[in-house]
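Just passing along the structure, written as structure tokens.
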Amino acid sequence: MPRAAGSLVFALLAVLPAPAPAAEGGAASVVPVAELRVPILDAGRFAGTLRVQSALDYADPADGKAATERAPELRAAALAAGLDFARLHVSALAPIDAALLSETLTRAARSVDPHVRRVLILDVSARQP
């Protein structure tokens, strides 16, 4: 990974607050999510692609294991939220607000699974066609 890209990933992770401690005595569970790719539209024209690599953070490992059963619903919610986010907040030529993206995807994930503590943004980029 080029140095600038590594610094960008570190900077994006640094803006997210640390997850809350796991429930009493329990270990937290982080479930990776398949990369999300949504189009960036500008005045109705295709302007690029928003790519997001994320993970779901659960306080209880049992809830994390159950996430695989809800994967299609979680993916659909993330796709809808990602499309909205890309339409309202993303340009292929401007920085992406990773904290706002995390909040947006967390709300969408919680609409399907209220046990999701947060959606962690692992990597995000906007690319021109």
Side-chain angles (χ1 to χ4, degrees):
M1 178 181 323
R3 182 179 172 165
S7 298
L8 177 61
V9 170
F10 176 75
L12 293 174
L13 292 175
V15 298
L16 298 175
E24 293 179 23
S29 178
V30 175
V31 179
V33 177
E35 182 179 69
L36 180 68
R37 293 181 184 199
V38 294
I40 300 168
L41 302 175
D42 184 19
R45 295 178 187 238
F46 179 72
T49 303
L50 173 65
R51 298 172 65 184
V52 181
Q53 187 65 49
S54 61
L56 302 173
D57 178 29
Y58 287 92
D60 184 351
D63 292 332
K65 289 179 184 175
T68 56
E69 297 171 10
R70 293 186 197 90
E73 294 171 274
L74 288 164
R75 180 96 178 142
L79 182 59
L83 285 166
D84 252 1
F85 183 84
R87 182 177 56 85
L88 298 171
H89 304 288
V90 178
S91 164
L93 302 174
I96 299 166
D97 186 343
L100 181 59
L101 177 59
S102 175
E103 291 173 20
T104 301
L105 293 177
T106 298
R107 278 193 305 275
R110 284 182 183 159
S111 72
V112 173
D113 184 356
H115 296 105
V116 172
R117 186 163 44 181
R118 131 173 289 127
V119 174
L120 304 170
I121 305 300
L122 306 177
D123 190 21
V124 63
S125 65
R127 302 196 182 192
Q128 291 181 306

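Side-chain atoms are counted along with the backbone in the values below, which use heavy atoms only and exclude waters and symmetry mates. All values derive from a computational prediction rather than experimental measurement.
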Testing the basics here: between V112 and A77, what is the closest heavy-atom pair and its distance to 0.1 Å?
CG2-CB, 3.7 Å
When rounded to the nearest 0.5 angstrom, what is the spacing between CG in D84 and CG in L79?
10.5 Å
For V38 against A86, the heavy-atom pair lying closest together
CG2-CB, 3.9 Å
Rounded to the nearest 0.5 angstrom, the CZ-OG distance for R118 and S102 is 5.0 Å
Less than 4.0 angstrom from a charged side-chain N to a carboxylate O is my criterion; do R75 and E73 meet it?
no
Heavy-atom closest contact (P129 atom, F46 atom, distance):
CB-CE2, 3.5 Å
Got a second to check how far L36's CG is from F85's CZ, nearest 0.5 Å?
11.5 Å
More than 12 non-hydrogen atoms from neighbouring residues, nucleotides or ligands closer than 6.0 Å to CG on D42, yes or no?
no
Could you walk me through whether R87 and L41 pass the side chain to side chain contact (heavy atoms under 4.5 Å, CB included) test, one step at a time?
CA-CA 6 Å; R87 182 177 56 85; L41 302 175; 5.8 Å; no
Side-chain touch L74/V33, heavy atoms, less than 4.5 angstrom:
no
Side-chain heavy-atom pair L83, L50 within 4.5 angstrom cut-off:
no
Test of understanding: with side-chain hydrogen bond (donor to acceptor under 3.5 Å, both in side chains), list the residues that count as partners of R70, not counting sequence neighbours.
D113
Closest non-hydrogen contact found for R117 with Y58 is NH2-O, 3.6 Å
Starting at CD1 of I96, measure out to CG of L101 and round the result to the nearest 0.5 Å.
7.5 Å
I need the E35 CD to S125 OG distance, nearest 0.5 Å.
7.0 Å
Work out which heavy atom in R110 is nearest to a heavy atom in V116; give both atom names and the distance.
NE-O, 3.0 Å
Could you tell me the separation between the CG atom of L100 and the CD1 atom of I121, rounded to the nearest 0.5 Å?
10.0 Å
Between S91 and A126, what is the shortest heavy-atom contact and its length?
O-CB, 3.9 Å
Taking the side chain as every heavy atom from C-beta outward, state whether L120 and V30 have any atom pair closer than 4.5 Å.
yes
